Amino acid sequence: AEAYTTCPGLKGGFFDWTLSLDERVEALAKQATLTEQIAQLTNDAPAIVRLGIPAYNWLNDDEHGVKQAHATSFPNGCALGAMWSFETIHKVGQAVGQEARALHNAFVHMGNRGHQENGAGITMYAPNMNLVRDPRWGRAQEVYSEDPFLSSLYTAKFVSGAQQGNESKPERMQAAACCKHYAAYDTESIPVKRVNFSATVDSRNMWETYMPVFRSCVQSGQAAHVMCSYNAINGVPTCGDPKLLNGILRDQWKWPGFVVSDYDAWAQIYETHNYCPNMTCAAAVGLNAGMDQEGGGTRAINQLQAAIDSHMTSPEAVAMAFKRLFRVRLELGMHDPPTMVEWNYLTNDSIIEGKDHLALARDAARKAM
């Protein structure tokens, strides 16, 4: 760490921790080529070796525990909802975020930054805060309730616990939580497959039923990222809807985070919704609407250069997505001197399946009954 802080080559650039986050992100964006920026817009992001940026896998399905064989497993979503305890869900969020960070620290020390491994990082695809609107939904057990008010309060408590740990205003986030799945999403294959489904939702139902939990997640919880869903709403795929992404999230709610697609949902703007005539169009539509990261693969982002060449989108739109992603990496302290980030001192020894977390899991289970 001492060598890091005294290295003269870091001054004024991305790794200069004395600069503001915006200054650091701008410095990196100026150095990275368009090709390098596009390559980062996927959840299994490659290294930018020449700039000293390590690879990182953003995918971590940590809804009620870190997705690793050895991590505390808390009750599933509907059981947590049945607790009716905002204090306990906040503690569960703290514990899941803490275990995610401790495991990530251990993996990084071993040279593993989660490449093709779900559950090794500190960007959590959690919580799942959709509403149960149909008992046939195959994922009803993942979510807190059918009630917008209860789920909204629960979501904010879990998110703030996971990101802030046990501190009110930490210097860096403990972990980064995700509001998923945005929006009006509660089907797998009945009445139609989720990747083809278009939810018909009027304005009143949208704002009174489906939007409160997401507003709570990004405004009260201040979640770092949002995952757009497989479905369309009134004929427009959520991952390609500029009103839903840039319009509501950023312009109306003033949210600064990044948007990731559910697995392959960016590509499915073309492949299953047939909203676009080809993948080049889908790449541009998603990016222009407010997408920042392709979850699952690279079929959409691989066409961004062609979309730029066809004047369907711009290098500036790519740079904006790139900067949003790296701002979150900075907010997590991933590119600061390691000893300066308080969460880097968390280790597996007393945390992972530790007595306090196991006791919390038992307490949550009892309260759910």
Side-chain angles (χ1 to χ4, degrees), residues 60-107 118-130 132 139-145 147 149-170 172-180 213 216-217 220-224 332-333 341-369:
N60 304 282
D61 287 312
D62 299 343
E63 283 92 350
H64 61 102
V66 179
K67 191 172 182 179
Q68 286 289 329
H70 295 287
T72 306
S73 181
F74 294 92
N76 64 20
C78 59
L80 292 172
M83 297 186 306
W84 293 88
S85 174
F86 304 122
E87 179 184 4
T88 305
I89 192 64
H90 185 69
K91 290 180 179 179
V92 170
Q94 289 176 329
V96 176
Q98 191 177 59
E99 294 202 6
R101 174 66 79 156
L103 281 163
H104 178 68
N105 291 343
F107 283 125
N118 187 334
I122 44 178
T123 43
M124 303 160 48
Y125 285 1
N128 184 349
M129 3 80 77
N130 294 122
V132 181
R139 297 175 70 176
Q141 79 278 4
E142 288 185 32
V143 304
Y144 299 135
S145 79
D147 177 60
F149 183 68
L150 176 64
S151 292
S152 294
L153 295 176
Y154 253 61
T155 293
K157 290 293 186 181
F158 180 94
V159 169
S160 62
Q163 294 192 162
Q164 298 173 14
N166 58 1
E167 298 187 20
S168 58
K169 292 184 179 179
R172 295 287 185 252
M173 288 191 294
Q174 174 177 248
C178 176
C179 315
K180 71 177 190 183
V213 66
S216 178
C217 189
S220 298
Q222 299 182 349
L332 287 161
V341 180
E342 58 203 286
W343 310 116
N344 287 344
Y345 291 94
L346 296 175
T347 63
N348 288 357
D349 300 341
S350 60
I351 293 173
I352 308 303
E353 295 182 307
K355 62 179 184 179
D356 290 342
H357 289 180
L358 292 175
L360 177 61
R362 285 192 295 269
D363 180 56
R366 290 191 189 99
K367 288 176 178 175
M369 295 178 184

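Throughout, residue positions are numbered sequentially from 1 according to the sequence presented. Since the structure is predicted, the reported quantities are computational estimates derived from the model, not experimental observations.
- A pairwise comparison of heavy atoms in G333 and R172 identifies N-CD, 3.6 Å as the closest pair.
- Distance alone, capped at 3.5 Å, is enough to place a donor-acceptor pair between the N60 side chain and the T123 backbone.
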side-chain contact (heavy atoms from CB on, under 4.5 Å) evaluation trace for T155 with Y144: CA-CA 9 Å; T155 293; Y144 299 135; 4.0 Å; yes
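- From N130, atom CG reaches atom OG of S145 across 11.0 Å, with rounding to the nearest 0.5 Å.
- Sorted by first and then second residue, the salt bridge (Lys or Arg N to Asp or Glu O under 4.0 Å) pairs involving residues 85-98 (not counting sequence neighbours) are E87-K91.
- Although no hydrogens or angles enter the test, the distance criterion places no donor-acceptor pair under 3.5 Å between the side chain of D62 and the main chain of M124.
- In terms of modelled atom types and a separation under 3.5 Å, the side chain of S160 and the main chain of K157 share a donor-acceptor contact.
- One N or O on the side chain of Y154 and one on the backbone of S85 form a donor-acceptor pair closer than 3.5 Å.
- Screening Q68, H70, H104, H357 for a side chain to side chain donor-acceptor pair (under 3.5 Å) involving E99 leaves a single residue, H357.
- Here the rule is side chain to side chain contact (heavy atoms under 4.5 Å, CB included) with Q98, and of L103, V66, I351 only I351 fits it.
- Within 6.0 Å of CZ on F149 lie no more than 12 heavy atoms contributed by other residues, nucleotides or ligands.
- No donor-acceptor pair under 3.5 Å is formed between the side chain of E353 and the backbone N or O of T72.
- Here side-chain hydrogen bond (donor to acceptor under 3.5 Å, both in side chains) pairs that include residues 360-369, with residues two or more places apart or in two chains, are T88-K367, D363-K367.
- Contact annotation: the side chain of W84 never approaches that of I89 to less than 4.5 Å [non-hydrogen atoms, C-beta and beyond].
- L346 has its side chain within reach of Q174: a pair of non-hydrogen atoms, C-beta onward, lies under 4.5 Å apart.
- Here the closest heavy-atom approach between residue A364 and residue L80 is recorded as CB-CD2, 4.3 Å.
- Between R101 and E342 there is no salt bridge, since no side-chain nitrogen of the basic residue lies less than 4.0 Å from a carboxylate oxygen of the acidic one.
- Summarising the geometry of C78 relative to A140, their closest heavy-atom pair is CB-O, 4.2 Å, with the distance given to 0.1 Å.
- Contacts of C178 classified as disulfide bond (SG atoms under 2.5 Å apart), with partners at least two apart in sequence or in another chain: none.
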Mind running side-chain contact (heavy atoms from CB on, under 4.5 Å) on E63 and K180 for me, showing each step along the way? CA-CA 10 Å; E63 283 92 350; K180 71 177 190 183; 2.5 Å; yes
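- The shortest heavy-atom contact between L153 and S216 is N-OG, 4.4 Å.
- Side-chain atoms of H64 come within 3.5 Å of backbone N or O of F74 as a donor-acceptor pair.
- Annotation for A368 and A79: closest pair CB-O, 3.2 Å, computed over non-hydrogen atoms.
- Across every non-hydrogen atom of W343 and G165, the tightest pair is CH2-CA, 4.0 Å.
- At least one donor-acceptor pair under 3.5 Å links the side chain of N118 to the backbone N or O of D61.
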